[in-house]
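Here is the structure we will look at, set down as structure tokens.
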Amino acid sequence: VQLQASGGGLKQAGGSLRLSCVASEGIFSSYAMAWFRQAAGKEREFVASTNRAGDAMAYAASVEGRFTISRDNVKNTAYLQMNNLDPTDTAKYYCAAGSTPGRSDRWYTSWGRGTVVTVSS
């Protein structure tokens with residue numbers, strides 16, 4: 001499956017953004033989906049994941065209660081709604097697809113190129 005993420009941009013702290021990840025060349029509903037992020041000089045970290053049906057989600061503690069992952073299996077798209085943004089959320093965000101939802105990037109076999117989110121204070 002090919003993935004294309006979009007929706008990043010510059011926001012002030014406290015603002016909101018919604019990232020989208022459109023999938024093509026595969027059966028989207030057969031993949032678990034996740035979002036990861038990588039800040040400058042840091043390792044890539046797990047943000048959120050959802051199962052194939054979109055009825056089970058997991059979040060990193062740092063985004064729990066502020067971010068929501070969802071998916072639309074008709075539109076072949078996964079989303080990450082980010083509310084109450086903080087400067088520490090500044091990073092390049094990647095969507096990923098895999099056979100099983102999990103917090104490790106080793107579970108995911110397809111990756112999008114990423115979209116940059118910058119949060120100013």
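Within a 6.0 Å sphere centred on CD of Gln38, other residues, nucleotides and ligands contribute more than 12 heavy atoms.
Looking at every heavy atom in both residues, Pro101 comes nearest to Ser49 through CB-OG, 4.2 Å. Between Ala13 and Pro87, the shortest heavy-atom contact is CB-CD, 4.0 Å.
Arg71 places a side-chain N or O within 3.5 Å of a backbone atom of Asn51 that can act as its donor or acceptor partner. Checking side-chain atoms of Ser110 against main-chain N and O of Ala97 turns up no donor-acceptor pair under 3.5 Å. Of the possible donor and acceptor atoms, one in the side chain of Thr90 sits under 3.5 Å from a partner among the backbone N and O of Val119.
Interatomic distance, Met57 CE to Ser70 OG, rounded to the nearest 0.5 Å: 8.0 Å. Atom CD of Gln4 sits about 8.0 Å away from atom SG of Cys21, to the nearest 0.5 Å. Atoms OG1 and NZ, from Thr115 and Lys92 in turn, are 8.5 Å apart once rounded to the nearest 0.5 Å. If you take OG on Ser20 and CD on Gln81, they are separated by 9.5 Å, rounding to the nearest 0.5 Å. A distance of 9.0 Å separates CZ of Arg18 from OG of Ser6, quoted to the nearest 0.5 Å.
Applying the salt bridge (Lys or Arg N to Asp or Glu O under 4.0 Å) test to pairs two or more places apart or on separate chains, none has a residue in residues 47-64. Sorted pairs that involve residues 58-82 and meet ring-ring contact (aromatic ring centres under 6.0 Å, His included), not counting sequence neighbours, are lacking altogether.
Each of Leu10, Leu80, Leu85 was checked for a side chain to side chain contact (heavy atoms under 4.5 Å, CB included) with Leu17, and the lone residue meeting it is Leu85.
Leu3 and Tyr93 are assigned to two separate hydrophobic clusters, defined by single-linkage of ILVMFWY side chains at heavy-atom distances under 4.5 Å.
Under a 4.5 Å side-chain heavy-atom criterion applied to ILVMFWY residues, the cluster that includes Phe46 comprises Phe36, Tyr94, Trp107, Tyr108, Trp111 as well.
The salt bridge (charged side-chain N to carboxylate O under 4.0 Å, His left out) test applied to Arg37 returns Glu45, Asp89, not counting sequence neighbours. A search for side chain to side chain contact (heavy atoms under 4.5 Å, CB included) contacts involving Thr88 returns Asp86, not counting sequence neighbours.
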Steps toward side chain to side chain contact (heavy atoms under 4.5 Å, CB included) verdict (Thr118, Lys11):
CA-CA 6 Å; Thr118 304; Lys11 281 288 184 179; over 6 Å; no

Show your working on side-chain hydrogen bond (donor to acceptor under 3.5 Å, both in side chains) between Ser16 and Asn83 and close with a plain yes or no.
CA-CA 4 Å; Ser16 297; Asn83 297 330; 3.0 Å; yes

Tabulate below the donor-acceptor pairs under 3.5 Å that side-chain atoms of residues 22-31 make, not counting sequence neighbours, or state none.
unit_1	atom_1	unit_2	atom_2	d
Ser30	OG	Ile27	O	2.6

